[in-house]
Amino acid sequence: MSANAPGGPGGTGISRHLRRVSVVVLAMFSALFVAASFIQVVAADDLRGGPFNTRTRLANQNINRGPILVGGEPIAYSIETDGDVRFQRVYANGPLWAPVTGRYTLDGLNTGLEAAYDDYLTAATGGQFFDLANAVLTGREPEGAAVETTLDAGLQQAAWDALGNYSGAVIAWEPKTGRILAMVSKPTYDPNALASHDTDAVNAAYEQLDADPAQPLINRAANGDLDPPGSTFKLVVAAAALDSGRFTPDSTFPNPSELELPQSSAVIHNSNEGTCGPGETVSLFDAIRLSCNIPMAELAHELTYVPIKDKAKALGFCKGFDLAGLLDPIEYGCTPQDGLDLSPMYSTPSQFPAFLDAPQTMLAAFGQSSLLASPLQMAMVAGAIANDGVLMRPTLVDSVIAPDQSPLVTIQPQTLGQPISANTARALTDMMVASVDSGAAETAAIEGVSVAGKTGTAENGPGQPYSLWFTGFAPADDPQIAVAVVVQDGGGLPPEEQLSSTLSAPVGRAVLEAWLRR
Amino acid sequence: MPRSTETPARGVSALTGAIVVRLRKPARLRNLEAPFLLGAILVVAAAVALVELGTGAPFDPSLSWQLLGLGGLVVVVHVVLRVVAPEADPFVVPIAVLLGGIGIAQIHRIDIAEGLTGWDAAATRQVVWTAIAIVLAIATLIVVRNHRTLSRYRYLAMLVALILLVLPMLPGIGKEVNGARLWVEVGPMSFQPGEFAKVALAVFFAGYLVTARDSLSMVGRRFLGMRLPRARDLGPILIVFAASMLVLVVQRDLGTALLYFGLFLGMLYVATGRLSWVVLGVVLFVGGALVASRLLPYVGNRFAAWLDPFNPDFIEGQSYQLVQGLYGFAAGGTFGTGLGRGRPDITPLAGSDFIMASLGEELGLVGLFAILALLLLFVGRAFRIGFSGGDDFGRLLAVGLGFAFALQVFVVVGGVTRVIPLTGLTTPFLAAGGSSLVANWIIVALLLRLSDGVRRGPRIVIESATGDQPRLVVGA
């Protein structure tokens with residue numbers, strides 16, 4: 001056909017052009033077929049778990065959500081209601097367990113074990129699919145699995161009582177298994193207030209909690225804003241020194257009453273403002289026992305930054321740990337991190353700065369110099385010392401049990417490695433026992449039991465109240481429990497009364513004693 | 001008379017036999033249509049029953065009575081076709097009935113979820129609009145006995161199209177819905193003139209291109225291996241481009257602009273076969289759309305929501321509907337939740353703009369494929385006329401109507417499936433909305449008329465519609 005008469009006589013031009021347009025139309029529809037297939041098949045699972053997915057949330061509300069158990073007793077469970085949403089989540093003693101259970105809310109923004117085990121609790125995991133199908137076919141009510149925790153109700157209550165009205169946290173665990181026995185954070189909140197089906201009431205309650213300057217929604221035991229570890233960090237420095245082979249507990253250091261830091265005009269003191277004991281020199285053993293700053297700073301100066309940093313990281317600094325026990329630890333840079341939302345129960349990584357110069361390293365020797373740690377982290381330090389240098393993975397969950405009582409998940413004790421040699425662990429234990437017997441941590445002593453402990457009084461900046469620490473374990477010769485306590489804001493007391501010996505150490509002792517005398 | 005054609009006599013004379021054969025041939029198409037129609041009606045009845053069972057709502061018989069009446073009207077269409085267009089395509093009406101019925105069932109399902117009954121129920125209004133649309137389609141079939149007469153009114157069609165395009169922009173009657181200005185409101189009545197403009201534009205373009213294509217096919221200088229059109233022929237495409245951009249700027253709807261301009265480009269290509277026109281047009285349009293997305297916040301928002309719908313800043317705002325629609329599709333998966341068993345009502349406008357997401361949720365990918373296949377088949381029937389039609393005006397008109405339909409499906413379904421940014425067009429036959437129904441049933445009537453002409457019309461006609469010089473047109 002000639003170019004100047006397209007579609008002329010015969011009209012074959014139109015047919016030829018139309019054939020090409022038909023191909024374009026087919027391509028357009030193919031794009032729609034492909035897009036629909038992608039959305040409904042390939043990406044469907046991801047989309048079902050997407051943010052603000054009301055459908056998934058509503059589907060879950062029609063399932064009898066499984067309970068969260070402590071020693072077989074539910075601390076979170078569901079009851080049937082007459083309302084549009086069939087099941088109401090109920091928390092037994094909500095404020096006590098809030099850091100563990102987290103909350104289950106209608107808007108789907110769950111936290112804690114409620115979020116980490118959501119799929120199991122709503123029977124949404126692949127393994128539970130046939131149970132669910134079977135339940136539907138047999139007319140049985142579909143039901144989620146139960147999450148059995150490692151916690152002990154009596155110890156949790158003891159830790160709660162011991163912490164009193166202080167802002168802070170207590171965490172206790174079994175050094176040999178990694179099972180967390182108690183996890184208390186104050187101030188706290190009642191998840192029942194956020195589990196209501198009255199959306200307006202929930203929103204109002206949430207806004208009030210979120211705006212509260214005391215931050216009751218935060219779990220200070222593992223996910224708080226972190227505190228400088230203070231003198232409890234001396235255990236890490238001592239561990240690094242002993243494991244370096246260059247020092248022993250008997251290594252001695254000059255014993256001045258004040259020390260000017262190199263390359264700086266800053267002067268440091270011991271907490272008693274005097275020397276560390278009477279001698280011209282002081283041993284590493286006594287420096288830990290009496291919790292002196294100057295000899296530790298001298299030690300850190302000789303040891304240098306890198307071995308200390310390596311030891312801190314081996315003990316868990318700069319890592320997030322999934323307390324739900326499902327996911328592996330994740331390593332982060334040693335800088336402040338936000339958005340650890342990979343698992344709802346990853347702990348906030350404790351921080352050891354990426355670089356410290358010589359004077360900063362000397363400050364780090366007693367847990368200052370922008371170091372920050374969670375009670376979980378310091379409990380892990382005590383736990384590794386208690387367990388002959390072997391660090392276990394901390395977990396809150398023992399098992400997940402299907403409605404027919406068959407176990408879906410069983411979490412076995414798992415070692416995270418041996419950050420400290422057994423000899424060093426024994427030497428550190430001796431120093432900590434001495435600290436409780438005749439040193440800075442005497443208020444942690446329990447009659448008839450050999451307790452290993454270390455206190456810490458950490459500065460948060462000029463004029464700021466102290467963070468008061470205790471970490472320890474007992475019995476020292478066969479450790480059953482390790483604990484870490486932080487009392488924040490100086491316990492709300494005047495500066496001269498902000499003492500770890502009177503605030504944090506007695507809390508630790510009470511928890512240790514409650515477990516050993518249970 | 002139709003009745004007699006169904007009973008072919010045996011052993012009659014050769015002469016009467018020939019007459020019977022001639023009369024029997026069209027009846028065969030209508031006889032083919034009848035079981036398809038019956039099948040479509042049964043599927044719709046099943047869909048409505050499943051909705052009632054699936055939602056478990058107390059049974060309200062009013063919709064069933066309304067649908068029974070609508071079924072009667074469909075039978076009337078069938079009978080009218082036997083008389084006024086016996087050789088019309090047998091698939092077009094069943095497809096329209098099936099899609100429309102599925103749409104009503106799904107709209108009814110959303111009504112149940114939202115607790116709407118009586119005149120508040122969108123399904124009730126949809127039934128009434130369908131009845132009006134079918135009556136107007138019958139009227140079109142009866143009034144337009146020969147489609148070639150339409151080509152005489154091509155400039156009137158242009159004028160009508162322009163008025164319809166301008167209407168929503170007029171203050172007082174123009175109404176803004178969800179940020180786009182596509183609606184006209186007069187008293188209690190509101191309609192989308194763009195839906196009718198689409199039909200008028202197809203008529204105008206077909207008439208115009210039949211006369212102008214020879215000069216539009218002339219080539220100017222070569223550029224990048226392509227023969228560019230002559231500069232003096234650029235006028236029409238620039239005018240249509242300008243009109244589309246005006247639609248984009250004032251009505252703030254990319255989809256409508258894309259529909260009009262795409263329709264013109266498609267028909268221009270079919271008429272002239274010059275790829276350079278298409279390339280030029282696509283470059284112009286993409287450029288214009290990009291500029292608009294930068295300058296117009298509303299269009300820009302839609303672009304942003306399209307590119308990054310799960311952005312936490314958008315997900316409760318500008319991309320909320322899109323994301324909830326995607327969640328609906330995902331909830332449906334391969335086989336769907338079953339009619340009445342999902343939660344399509346969570347997505348805003350689940351019965352109109354997002355009806356494909358509703359259907360995808362409850363019928364699954366399988367159901368969605370079936371619906372898309374039906375829509376594609378409808379386009380195929382229109383293109384079939386384009387391939388085999390007797391006259392170029394009719395062929396171009398059929399192609400235009402089919403291509404506009406295909407473009408609209410692509411724009412609206414592509415919008416909800418995130419192939420392209422979301423726009424304010426309606427899914428033909430399925431979505432709740434009177435204007436769309438009436439316009440699409442008029443397209444049905446025109447396609448029926450055109451297809452009837454293909455088979456019935458003389459193979460050789462003298463085409464004088466162009467006005468100036470009679471031309472011999474030979475049918476394929």
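Labels below follow one simple rule: chain letters A, B, ... track the order of the sequence lines, proteins then strands, and each chain is numbered from 1. What you see is a predicted model, and the numbers here were worked out from it, not measured in a lab.
Between B/R341 and B/E362 there is no salt bridge, since no side-chain nitrogen of the basic residue lies less than 4.0 Å from a carboxylate oxygen of the acidic one. A salt bridge does not link A/R220 to A/D225: none of the charged nitrogens lies less than 4.0 Å from a carboxylate oxygen. For A/R65 and A/E114, the salt-bridge test passes: some basic side-chain N is under 4.0 Å from an acidic carboxylate O.
Proximity to chain A (any heavy atom under 4.5 Å) is shown, for B/T347, by both the backbone and the side chain. B/V399 touches chain A through its side chain: at least one heavy atom from C-beta onward sits under 4.5 Å away, while N, CA, C and O do not. The parts of B/L326 that come within reach of chain A are both its backbone and its side chain, each placing non-hydrogen atoms under 4.5 angstrom from that chain.
The heavy-atom pair separating B/L425 from B/V412 by the smallest distance is O-CG2, 3.3 Å. The two residues A/H17 and B/T272 make their nearest non-hydrogen contact at CE1-C, 3.7 Å.
In terms of non-hydrogen atom pairs under 4.5 Å with chain A, the most contact-rich of B/L376, B/L407, B/T334 is B/L376. Among B/G402, B/G266, B/G364, B/G332, the residue making the largest number of heavy-atom pairs under 4.5 Å with chain A is B/G364. Counting heavy-atom pairs closer than 4.5 Å to chain A, the top-ranked of the candidates B/V409, B/L396, B/V379, B/V278 is B/V409. In terms of non-hydrogen atom pairs under 4.5 Å with chain B, the most contact-rich of A/D46, A/L18, A/L47 is A/L18. Per-residue counts of heavy-atom pairs under 4.5 Å with chain B were compared for A/R20, A/R48, A/Q40; the largest is that of A/Q40. Annotation: maximal heavy-atom pairing with chain A below 4.5 Å, among B/G360, B/A373, B/G342, occurs at B/G360.
Between A/R103 and A/Y189, the side chains place a donor N or O and an acceptor N or O closer than 3.5 Å (distance only, hydrogens not considered). A donor-acceptor pair shorter than 3.5 Å can be found between the side chains of B/R395 and A/S15.
The main-chain N or O of A/G102 is never found under 3.5 Å from a side-chain atom of A/T111 such that the two would form a donor-acceptor pair.
In the displayed structure, A/Q208 atom CD is contacted under 6.0 Å by at most 12 heavy atoms of other residues, nucleotides or ligands.
In summary, the aromatic rings of B/F405 and B/F378 are positioned with their centroids under 6.0 Å apart.
At a heavy-atom cut-off of under 4.5 Å, chain B is reached by A/V25, A/L26, A/M28, A/F29, A/A31, A/L32, A/F33, A/A35, A/A36, A/S37, A/I39 from residues 23-39 of chain A, listed in order of number.
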